[in-house]
**Student:** 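Quick one: the structure is below, questions incoming.
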Amino acid sequence: DGGITQSPKYLFRKEGQNVTLSCEQNLNHDAMYWYRQDPGQGLRLIYYSQIVNDFQKGDIAEGYSVSREKKESFPLTVTSAQKNPTAFYLCASSIGTGEAFFGQGTRLTVV
Amino acid sequence: GESVGLHLPTLSVQEGDNSIINCAYSNSASDYFIWYKQESGKGPQFIIDIRSNMDKRQGQRVTVLLNKTVKHLSLQIAATQPGDSAVYFCAEWYGNAGNMLTFGGGTRLMVKP
C-alpha cells in the first residue's frame with residue numbers, strides 16, 4: 001500500500017539524549033515536512049524539504065535537525081538543545097502543490 | 001510573520017444540523033487553502049482544498065468558501081454526523097516561500113446525538 005510511515009509510535013527520551021524519529025514515504029512525493037503538535041494546539045512547522053539533499057527551517061527549527069539523503073526518507077533528530085521536546089510529531093509529504101499526506105505520528109516523552 | 005489563524009473554539013452541533021467552521025488568514029499570496037480533519041491521536045486527513053483563484057468548492061457533504069476580500073476561509077459540513085467529531089485545521093500553501101505548508105490553531109467540532 002502507498003503511504004507515509006512514521007516510527008516509532010511512542011518514544012521515550014532521557015534528558016540530554018538525542019533521538020531520531022523516522023519518516024518514510026512510498027508516494028514518490030518530492031516535498032516532505034515535519035510538524036510539532038502540543039496538546040490542544042495546532043501544528044507548527046519544524047523543517048521542510050522540497051527535494052533530496054535540500055531542506056529549510058520552519059518556524060521552530062531550534063533544537064532539531066533533519067537530513068534528506070533519499071527521496072523516500074526524512075528523519076528528524078530531536079537534540080539535547082531542544083529544551084521542551086515532549087510533544088506529538090507529525091511527518092507529511094506532498095507532490096509540492098498543496099495537499100499533504102500525514103503519517104500517524106510519533107509521541108515523544110522526556111522521562 | 002504572516003500566518004493562518006483560528007481562534008480556537010469548540011463548536012457543538014446537533015446531529016443532522018449543518019456546521020460552519022471559520023478561519024482567518026493574513027497571507028494574501030497563498031496559492032492554496034486546505035482543510036484537514038484530525039481525530040484524537042492520529043495524523044490529519046485531507047478534506048478539501050481550494051485554489052486562491054476560486055471562491056467556492058464543493059465535495060461530498062463539505063463546501064469550502066474563500067473570501068479574499070476579508071481573508072476568510074470557511075468549511076461547511078452538511079448534515080453533521082457523530083463521525084465528524086474531530087479537530088479541524090485550515091492550512092495555507094504558498095510556492096513562493098519554497099512550498100511551505102502552514103497551519104492554523106484548529107477548531108474542535110463536537111456532534112451531539
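Predicted model, so just to flag it, every value in this text is computed and none were measured. Chain identifiers are assigned alphabetically (A, B, ...) following the order of the sequence lines, protein sequences preceding nucleic acid strands; residue numbering begins at 1 within each chain.
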**Student:** Of the backbone (N, CA, C, O) and the side chain (C-beta and beyond), which part of R44(A) lies under 4.5 Å from a heavy atom of chain B, both, or neither?
**Tutor:**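 For R44(A), neither part sits under 4.5 Å from chain B.
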
**Student:** Is it the backbone or the side chain of L45(A) that comes under 4.5 Å from a heavy atom of chain B, or both, or neither?
**Tutor:**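 Only the side chain of L45(A) comes within 4.5 Å of chain B.
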
**Student:** Grouping I, L, V, M, F, W and Y whenever their side-chain heavy atoms are under 4.5 Å apart, do Y89(A) and V110(A) come out in a common cluster?
**Tutor:**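 No, no single cluster joins them.
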
**Student:** Heavy-atom pairs under 4.5 Å with chain A are the metric here; pick the option from G41(B), P44(B), G43(B) that has the most.
**Tutor:**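 Looking at each of G41(B), P44(B), G43(B) in turn, P44(B) comes out on top.
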
**Student:** Show your reasoning for whether side chain to side chain contact (heavy atoms under 4.5 Å, CB included) applies to L43(A) and F89(B).
**Tutor:** CA-CA 9 Å; L43(A) 281 69; F89(B) 294 99; 3.9 Å; yes

**Student:** For the atom pair CZ (F46(B)) and OG (S94(A)), what is the distance rounded to the nearest 0.5 Å?
**Tutor:**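 The distance works out to 11.5 Å.
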
**Student:** Is it the case that more than 12 heavy atoms not belonging to K42(B) sit under 6.0 Å from its NZ atom?
**Tutor:**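 At most 12 heavy atoms, drawn from other residues, nucleotides or ligands, come within 6.0 Å of this atom.
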
**Student:** Could you check whether atom CD of E62(A) has more than 12 heavy atoms from other residues, nucleotides or ligands sitting under 6.0 Å from it?
**Tutor:**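 Counting other residues, nucleotides and ligands, CD of E62(A) stays at 12 neighbours or fewer.
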
**Student:** Is it the side chain or the backbone of Q37(A) that comes within 4.5 Å of chain B heavy atoms, both, or neither?
**Tutor:**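 For Q37(A), the side chain is the part near chain B, not the backbone.
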
**Student:** Tell me whether V64(B) is reachable from M54(B) by hopping between hydrophobic residues (I, L, V, M, F, W, Y) whose side-chain heavy atoms are closer than 4.5 Å.
**Tutor:**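 Yes.
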
**Student:** Which distance, rounded to the nearest 0.5 Å, do you find between the OG1 of T102(B) and the OH of Y33(A)?
**Tutor:**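 One finds 10.0 Å between OG1 of T102(B) and OH of Y33(A).
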
**Student:** Answer with yes or no whether the hydrophobic clustering places L11(A) together with W34(A); edges join I, L, V, M, F, W, Y residues whose side-chain heavy atoms lie under 4.5 Å apart.
**Tutor:**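 Same hydrophobic cluster.
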
**Student:** Hey, does L90(A) have a side-chain heavy atom less than 4.5 Å from the side chain of Q38(B)?
**Tutor:**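 When only atoms from C-beta onward are counted, L90(A) and Q38(B) do touch, with a gap below 4.5 Å.
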
**Student:** Counting only N and O atoms by type, is there a donor-acceptor contact under 3.5 Å from the side chain of Y36(B) to the main-chain atoms of A100(A)?
**Tutor:**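 Checked: pair present.
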
**Student:** How far does CD of Q45(B) sit from CZ of F101(A), to the nearest 0.5 angstrom?
**Tutor:**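 Rounded to the nearest 0.5 Å, the CD-CZ separation comes to 11.0 Å.
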
**Student:** Within a radius of less than 6.0 Å around CE of M110(B), do more than 12 heavy atoms belonging to other residues, nucleotides or ligands occur?
**Tutor:**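 Result for CE/M110(B): open.
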
**Student:** If you round to the nearest 0.5 Å, how far is CH2 of W93(B) from CD of E99(A)?
**Tutor:**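 Those atoms lie 13.0 Å apart.
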
**Student:** For K68(B), does the NZ atom have more than 12 heavy-atom neighbours from other residues, nucleotides or ligands under 6.0 Å away?
**Tutor:**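 Counting other residues, nucleotides and ligands, NZ of K68(B) exceeds 12 neighbours.
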
**Student:** Taking a hydrophobic cluster as the set of Ile, Leu, Val, Met, Phe, Trp and Tyr residues connected by side-chain heavy atoms closer than 4.5 Å, whether directly or through intermediates, do I48(B) and I77(B) fall within one such cluster?
**Tutor:**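 Both belong to a single hydrophobic cluster.
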
**Student:** By a 4.5 Å heavy-atom criterion (distance strictly below it), what part of Q104(A) contacts chain B: side chain, backbone, both, or neither?
**Tutor:**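 For Q104(A), heavy atoms of backbone and side chain both lie under 4.5 Å from chain B.
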
